[in-house]
Amino acid sequence: MYALVDCNNFYASCERVFAPQLEGKPVVVLSNNDGCLISRSQEAKDLGLKMGEPYHLVRPLLEQHRVQVFSSNYALYGDMSRRVVQVLSGLAGGVDVYSIDEAFLDFGGMNLLEPDLLTYGQRVHETVLQHTGIPTCVGIAPTKTLAKLANRLAPKTGPCRTVLLATPADWEPALARVPVGIIWGVGRRYARKLNEMGIMTGLELAQLPEHWLRRHLGGVVGQRLWRELHGQPCLEWNPTEWDDDQLQPGLASRHSVTCTRSFGRPQQQEAVLAEAVATFATKAAEKLRRYGMATHLVTVILGTDRFAPAAGPKTHTAVISLATSTNDTTILIKAALQGLRQLRRSDVAYNRAGVLLTGLEPEGQAQLGLFSNTAPDHQRSQQLMQAMDTLNTRFGRQLVRSAATGNAKNAVGQPQSPVWAGRSAHRSPCYTTGWDDMWQVR
DNA sequence: TCTGGGGTCCTAGGACCC
DNA sequence: TCTGGGGTCCTAGGACCC
């Protein structure tokens with residue numbers, strides 16, 4: 001048996017933990033650049049506000065109902081997520097962290113009988129709430145896909161937040177109640193296709209032959225879905241070990257690392273784009289080192305206005321291949337700037353840029369190139385990166401950095417946001433990760 | 001004026017290898 | 001007339017997830 005624990009309205013709930021006066025009031029959190037609504041409290045959902053809606057379109061409605069608006073604060077949400085995982089790790093035989101706000105628990109081998117499963121799910125909800133202030137729902141079933149369904153059906157209010165679907169007699173009526181698009185793995189495209197064929201509910205989907213799903217829903221992906229809906233576990237279990245020394249979940253492996261951002265306004269100048277791209281390469285390299293990985297493929301991304309009526313591609317990419325795998329910021333910046341020079345057209349203004357790193361491998365395993373990056377160079381590079389990471393972790397993220405990332409100052413010489421930076425007008429403090437933002441208890 | 005960011009997996013086709 | 005079989009790696013595109 002698996003349990004899926006999903007944090008309710010996670011980002012909005014994080015903000016509320018530190019602003020309890022907002023309990024019971026509508027709250028929304030915006031995406032980067034204050035672009036779209038990406039999290040809504042229940043009260044905000046009840047006002048008819050939709051996920052992903054552009055902020056500028058719903059602003060009048062938000063003001064009319066005095067909705068509290070936050071820019072996204074990923075330092076806060078990431079740390080709250082870490083705390084939730086810490087609690088969950090103490091409550092189950094195994095944890096599989098699926099995203100920033102949800103995790104599967106392994107309830108097998110815990111000697112829980114059926115009525116106890118429900119009680120234990122409740123205990124998980126109560127413990128997470130007590131230790132972190134974050135409300136959750138719990139869904140329990142023999143496969144991940146059915147646990148997802150159980151979670152969806154769990155009440156968001158009231159004392160009981162757990163649903164158990166233990167046998168076909170439990171999950172078949174549940175499947176019959178939900179539209180097919182609710183099922184995990186059925187997105188908008190498949191839902192429309194299925195509806196056009198007259199398949200409207202989860203149960204109608206489950207009752208089709210297995211080979212039909214293989215044929216029409218993405219090959220083996222569809223076949224796995226069929227089996228999962230019949231109680232046969234097909235999706236992998238990826239355990240996340242809690243690291244007691246680091247007080248954080250163990251790092252999962254990665255196949256790619258990206259850092260992309262929309263600009264506050266379109267940018268045309270080479271110098272500005274170069275600072276932005278160097279900054280994204282720096283962030284991506286830091287992430288790579290945190291994961292203990294190295295890359296040999298650097299992709300630079302430039303994007304024009306996605307909503308412009310003009311035809312043609314809105315995203316352009318250039319790939320730079322490195323002779324040797326590395327996670328050295330200076331090398332990755334050089335490669336990214338080379339890609340930028342290849343890509344950039346002087347008569348175009350860009351709304352977005354980014355850096356994508358692929359071809360990842362564990363850093364120790366990286367082969368030395370035949371003609372480059374001799375061993376002593378490699379060692380010096382590692383020492384330099386380690387020194388920079390140590391200083392930046394201890395004294396603040398941007399303390400030591402490459403000059404290529406820019407050095408914007410205001411009229412009195414204070415550092416200020418670069419010209420390409422996006423909007424973030426409603427950012428909350430970093431309550432749990434910044435010394436200056438910490439709460440004081442008198 | 002104004003619309004996010006970061007991932008995953010699968011398939012098909014082509015180049016290349018023995 | 002008549003040209004194998006079994007792989008890997010890469011890319012692009014399409015679907016999905018949060």
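Numbers restart at 1 for each chain; the letters A, B, ... are given by sequence-line order, proteins then strands. Because the structure is a prediction, the values reported are computed rather than measured.
Within the 4.0 angstrom heavy-atom criterion, only backbone atoms of the sugar-phosphate kind lie near Arg254(A); the bases stay farther away. In this structure, Asp101(A) reaches the sugar-phosphate backbone alone: every heavy-atom distance under 4.0 Å involves primed, P, OP1 or OP2 atoms, never a base. Contact annotation for Phe10(A): no contact, since no heavy-atom pair falls under 4.0 Å across all strands. Here Lys193(A) lies out of heavy-atom contact (under 4.0 Å) with every strand. Residue contacts shown for Arg59(A) are absent, as no nucleic acid heavy atom lies under 4.0 Å away. Residue Tyr55(A) is out of contact with every strand shown, counting any heavy-atom pair closer than 4.0 Å. Nucleic acid contact for Ser256(A): sugar-phosphate only, since backbone atoms but no base atoms lie under 4.0 Å from a heavy atom of the residue. Across all strands shown, Glu53(A) has no heavy atoms under 4.0 Å from either base or sugar-phosphate atoms.
Ring geometry, Tyr77(A) versus Tyr74(A): the interplanar angle exceeds 60°, so the pair is classed perpendicular (tilted spans 30 to 60°).
In terms of modelled atom types and a separation under 3.5 Å, the side chain of Asn327(A) and the main chain of Met293(A) share a donor-acceptor contact. Judged by distance alone, the side chain of Arg66(A) and the main-chain N or O of Glu63(A) form no donor-acceptor pair under 3.5 Å.
Remark: the Arg352(A) side chain and the Thr315(A) side chain contain an N/O donor-acceptor pair separated by less than 3.5 Å. For the residue pair Asp34(A)/Ser71(A), the side-chain donor-acceptor check at 3.5 Å is satisfied.
In this structure, dG5(C) forms a base pair with dC18(B), meeting either the Watson-Crick or the G-U wobble geometry with both donor-acceptor distances under 3.5 Å.
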- Message: Set out, in order, the CA-CA distance, both residues' side-chain angles and the distance that settles salt bridge (Lys or Arg N to Asp or Glu O under 4.0 Å) for Glu228(A) and Lys144(A), then state yes or no.
- Response: CA-CA 7 Å; Glu228(A) 286 262 324; Lys144(A) 284 182 164 183; over 6 Å; no
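In summary, contact between chain A and DNA chain C, defined as any nucleotide atom under 4.0 Å from a heavy atom of the protein, begins and ends at dA15(C) to dC18(C) in the 5' to 3' direction.
The side chain to side chain contact (heavy atoms under 4.5 Å, CB included) with Leu343(A) is formed by just one residue from the set Val348(A), Leu302(A), Leu273(A), Ile301(A); it is Leu302(A).
Nearest-nucleotide assignment on DNA chain B puts the 5′-proximal partner with Ser31(A), out of Arg214(A) and Ser31(A). The nearest heavy atom of DNA chain B to Thr258(A) and to Asp305(A) marks one nucleotide each, and the one closer to the 5' end goes with Asp305(A).
For the P atoms, the distance linking dC18(C) with dT3(B) amounts to 25 Å, nearest Å.
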